[in-house]
Amino acid sequence: MRRRARVLLIGEVTGVGRSKVQAYFELRDGEGAVPCAIWLDDLEKAGLPDGALRDGAEVVIAGGPDYYPGGGQASPSFSFRATHVRLAGEGDLLARLEALRKQLQAEGLFELQRQLARPLLPKTIGVVTAETGAARRDLLAGLERRGWRGTVVWAFAPVQDRHAAPAIAAAIQGLAAQPQVEAIVVTRGGGSLADLWAFCDETLCRTVAMLRVPVISAVGHERDSTLIDDVAAVACSTPTHAAEAAVPLDCVAARGSLERGIGSLRRAAEAAVAARTPHLVSLARGPARALHREQLALNQKTREIRAASERGIAERLGFQRRLATVVLERARRRAAGPDMERRREALHRAAVALRAHQPERTLERGYALVEAGDGEPVTTVGAAVAAGRVRLRFADGNVGARIEERE
Amino acid sequence: MTEKPDSYEVAVERLEQIIDRLDSGQAGLRETLDLCGEGRELVTYCAAELDAVGEGLKELKLDELAAKLSSSAEAGTA
């Protein structure tokens with residue numbers, strides 16, 4: 001029975017279960033169901049995304065009828081032995097997309113475009129889109145809103161049929177070949193994954209990844225994820241966002257900012273001049289004021305010098321006078337001083353000597369002085385006889401005496 | 001300023017530097033006047049870049065652009 005022809009079955013998976021070696025499920029359609037089993041080895045080889053074999057999944061399986069004879073504890077049963085399985089419909093597309101995505105990522109193709117520098121203000125951008133469609137209109141409106149005044153180069157291409165992918169790739173390459181094109185937008189409106197499938201084309205995505213001009217993708221709506229989004233420099237959810245990504249600078253705001261910049265420059269220049277004007281004016285007045293100040297200072301000095309010289313003269317005069325006095329005094333002293341001393345000493349000595357010779361001193365010792373009537377001392381016998389009458393002067397008084405005879 | 005900036009980004013960055021410097025109030029008179037002169041040239045450059053074409057957004061088809069380029073190349077070689 002296992003040698004019977006192999007067939008493909010399509011249906012919805014229900015009642016998934018697993019043993020150590022197999023996965024079991026029923027494949028159901030509107031007519032009924034068939035029990036199926038697949039060895040885990042074969043399931044792994046199918047490369048389905050994790051959890052893809054689940055209740056409700058649409059799958060295509062390949063295989064043939066199988067019979068299990070049962071045993072002591074198990075009942076015999078017929079089943080469909082699947083050797084291959086893949087997701088059907090959109091699930092199938094998603095699985096293939098996932099596989100391709102992993103492959104391109106592994107090759108590093110997701111990074112190339114993201115490393116490109118995108119100009120803030122491109123002058124020319126290229127756009128690949130359908131000639132008729134909302135995407136074209138939305139993109140233009142977005143660029144207008146940005147206040148951008150550059151050039152859009154359109155490269156129209158079909159965006160949905162089986163010729164779409166090569167045509168889009170050719171359009172992108174044609175734009176990239178123009179040296180003035182600084183960024184390329186690839187855009188179309190939303191749709192089913194099958195509608196957008198052209199933008200998951202491997203050749204197209206490889207082409208985009210290798211371009212040196214940044215590519216901005218805006219394919220489908222936010223929930224749609226195509227492979228071109230992964231390889232592009234920027235992935236946007238709408239054509240309007242793509243316009244903003246293609247021209248990162250908001251030109252309207254930038255013009256306002258430039259006007260403010262002009263204002264700042266003007267104010268800075270005016271302020272710089274205004275701040276320095278008073279100082280400049282004061283500097284301009286400076287020489288006259290300085291001259292006046294110097295004049296005043298000079299006058300003051302003159303007065304001070306005059307006063308000082310007058311004071312100096314008076315002081316000098318006084319000083320000279322004092323000096324003359326001292327000199328004269330010294331000279332006088334020099335001239336008279338020693339003589340006076342000598343005289344004074346001589347006088348003293350004379351006084352002492354005189355005192356020693358005073359008659360009173362002799363009288364005190366017991367002598368008596370003989371004086372004539374006129375007070376003259378009588379010092380000889382003859383004088384005494386001649387005088388006849390004399391006065392004897394003692395220390396304590398005088399007495400009169402008469403000379404009687406010569407002996 | 002004697003050299004034309006490489007790009008709008010470069011010009012705007014330099015312009016911001018200039019305005020920061022002027023706002024700091026640390027620039028002397030000579031420097032301030034020089035910076036203002038350079039700033040005005042940068043603003044003029046940036047404004048021209050913003051109005052690159054001057055007549056609003058222009059649309060061309062790729063074929064027209066390619067034809068224009070090839071005709072101007074021929075004119076150049078002729």
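All chains are named by letter (A, B, ...) in the order of the sequence lines, taking the proteins before the strands, and each is independently numbered beginning at 1. Note that this is a predicted model, so its numbers are computed, not measured.
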Given the options Arg40(B), Glu59(B), Glu9(B), which has more heavy-atom pairs under 4.5 Å with chain A than any of the others?
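Sorted descending by pairs with chain A, the first entry is Glu59(B).
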
Side chain, backbone, both or neither of Ser7(B) within contact of chain A (heavy atoms, under 4.5 Å)
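Neither part, no heavy atoms under 4.5 Å.
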
Partners meeting side-chain contact (heavy atoms from CB on, under 4.5 Å) with Glu16(B) (sequence neighbours left out):
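With sequence neighbours excluded, Glu16(B) shows a side-chain contact (heavy atoms from CB on, under 4.5 Å) to Val12(B), given in chain and number order.
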
Taking side chain as C-beta onward, heavy atoms only, is Leu140(A) less than 4.5 Å from Leu57(B)?
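Leu140(A) vs Leu57(B): side chains touch.
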
Less than 4.5 Å apart, any side-chain heavy atom of Ile228(A) and any of Val219(A)?
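Ile228(A) reaches Val219(A) side chain to side chain.
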
Check whether [X] gets within reach of chain B through its side chain, its backbone, both or neither, counting any heavy atom under 4.5 Å.
X	result
Ala177(A)	neither
Gln180(A)	side chain
Glu131(A)	side chain

Look at the side chain of Gln105(A) and the backbone N and O of Phe110(A), then say whether any donor-acceptor pair between them is shorter than 3.5 Å.
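Pair absent, no side-chain N/O of Gln105(A) close to backbone of Phe110(A).
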
Are there residues of residues 245-255 of chain A whose heavy atoms fall under 4.5 Å of chain B's heavy atoms? If so, which?
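Heavy-atom contacts from residues 245-255 of chain A to chain B are Leu249(A), Cys251(A), Ala254(A), Arg255(A).
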
Apply side chain to side chain contact (heavy atoms under 4.5 Å, CB included) to residues Leu50(B) and Leu258(A) and explain how you reach the verdict.
CA-CA 10 Å; Leu50(B) 280 174; Leu258(A) 271 189; 3.8 Å; yes

Can Asp229(A) and Ser217(A) be counted as having a side-chain donor-acceptor contact under 3.5 angstrom?
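Per modelled atom types, Asp229(A) and Ser217(A) side chains form a pair under 3.5 Å.
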
Check this for me: Glu13(B), atom CD, are more than 12 non-hydrogen atoms of other residues, nucleotides or ligands nearer than 6.0 Å?
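Counting neighbours around CD of Glu13(B), 12 or fewer heavy atoms of other residues, nucleotides or ligands fall under 6.0 Å, so no.
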
Take atom CZ of Arg266(A) as the centre, draw a 6.0 Å sphere, and report whether it contains more than 12 heavy atoms from other residues, nucleotides or ligands.
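No, CZ of Arg266(A) has 12 or fewer neighbouring heavy atoms, counting only those of other groups under 6.0 Å.
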
